[in-house]
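A short write-up of the structure that comes next.
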Amino acid sequence: MSREPLKGREAYKVWREIGTRWGDNDAYGHVNNTAYYQWFDTAVNAWLIEAGLLDVAAGDPIGFVVETGCRYASPLSYPEAVEVGMTVERIGSSSVRYNLGVFPKGGESAAAEGHFVHVYVDRESRRPTAIPDVWLEALEGIRG
């Protein structure tokens with residue numbers, strides 16, 4: 001069975017370096033798949049915070065993860081640093097789909113790629129809410 005190759009670095013607009021941790025490795029000597037989802041969450045939310053959009057403690061709206069997925073191409077292992085590239089694929093009225101690529105630090109080929117969908121909700125009611133205009137402008141800036 002053949003599959004579409006993973007995207008290269010040119011597919012991503014913003015980057016975050018993340019260090020692997022001792023506990024990320026599993027019994028097979030490579031980073032366990034669960035760590036990739038933590039990296040996706042870290043990359044997306046760190047960008048939102050740094051862009052001045054997300055205030056974790058008191059901001060409104062907040063994002064709920066409603067879908068994630070990942071394809072793996074090559075193993076990574078502790079103590080290797082990784083670079084997570086991110087871009088926005090789709091913006092809805094209350095949701096955003098982010099695409100992410102995980103690369104060994106300085107590497108040209110992705111070890112994995114995935115997607116991450118946030119639905120933005122009102123902090124109090126927890127019901128979907130329209131994405132604020134200032135958010136839309138920032139998200140459009142990293143659309144792929």
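Values in this document were obtained by computation on a predicted structure and should not be read as measured data.
The environment of Glu124 atom CD is sparse: at most 12 non-hydrogen atoms of other residues, nucleotides or ligands sit within 6.0 angstrom. More than 12 heavy atoms of other residues, nucleotides or ligands lie within 6.0 Å of CZ in Arg126, so this atom counts as buried by the packing criterion.
Arg3 is listed as a side-chain neighbour of Leu6, based on a closest heavy-atom distance under 4.5 Å. Contact of the Leu100 side chain with the Tyr36 side chain is not registered, since no non-hydrogen atoms from C-beta on lie closer than 4.5 Å. Using a 4.5 Å heavy-atom cutoff, the side chains of Ile131 and Tyr120 are in contact. Between Ser95 and Val119, the closest side-chain pair of non-hydrogen atoms falls below 4.5 Å. A heavy-atom distance below 4.5 Å is found between the side chains of Tyr12 and Lys7.
Between the CZ atom of Arg143 and the CG atom of Leu136 there is a distance of 9.5 Å, given to the nearest 0.5 Å. Once rounded to the nearest 0.5 Å, the distance linking CG of Asn25 with OH of Tyr78 reads 9.0 Å. Note that CG of Leu48 is 12.0 Å distant from CG of Asp55, once rounded to the nearest 0.5 Å. Rounded to the nearest 0.5 Å, atoms CG (Asn99) and CZ (Arg90) are 9.0 Å apart. Note that CD1 of Ile62 and CG of Asn45 are 10.5 Å apart. Values are rounded to the nearest 0.5 Å. Residue Ile18 holds its CD1 atom at 11.5 Å from CG of Leu76, rounded to the nearest 0.5 Å.
Residues Thr20 and Ser77 come closest through the heavy atom pair OG1-O, 3.9 Å. A pairwise comparison of heavy atoms in Ala43 and Val84 identifies CB-CG1, 3.8 Å as the closest pair. Heavy atoms only, all atoms of each residue included: Thr129 and Asp122 are closest at CG2-N, 3.6 Å. Summarising the geometry of Ala73 relative to Ala110, their closest heavy-atom pair is CB-O, 3.7 Å, with the distance given to 0.1 Å. Taking all atoms of both residues into account, the shortest heavy-atom contact from Arg123 to Asp60 is N-OD1, 2.7 Å. Contact detail for Leu53 and Trp135: the closest heavy-atom pair is O-CZ2, 3.0 Å.
The backbone N or O of Ile142 lies less than 3.5 Å from a partner atom in the side chain of Thr87, making a donor-acceptor pair.
Cluster membership check: Trp47 does not share its hydrophobic cluster with Phe103, using side-chain heavy-atom separations under 4.5 Å among Ile, Leu, Val, Met, Phe, Trp and Tyr. Both Tyr98 and Val134 are members of a single hydrophobic cluster when ILVMFWY side chains are connected at heavy-atom separations under 4.5 Å. The hydrophobic cluster containing Ile49 also contains Val44, counting ILVMFWY residues as joined when their side-chain heavy atoms lie under 4.5 angstrom apart, directly or transitively. When the side chains of ILVMFWY residues are joined at heavy-atom separations under 4.5 Å, either directly or via intervening members, Phe116 and Val56 end up in a single hydrophobic cluster. A single hydrophobic cluster is not seen to contain both Phe64 and Phe40; linkage of ILVMFWY side chains at heavy-atom distances under 4.5 Å, directly or through other members, places them apart.
Partners of Glu67 by side-chain contact (heavy atoms from CB on, under 4.5 Å), not counting sequence neighbours, listed by chain and number: Arg97, His115, Val117.
Of the listed residues (Arg9, Arg16, Lys105), just one forms a side-chain hydrogen bond (donor to acceptor under 3.5 Å, both in side chains) with Glu83, and that residue is Arg9.
Under the 30°/60° scheme for interplanar angles, the aromatic rings of His30 and Tyr28 are found to lie parallel.
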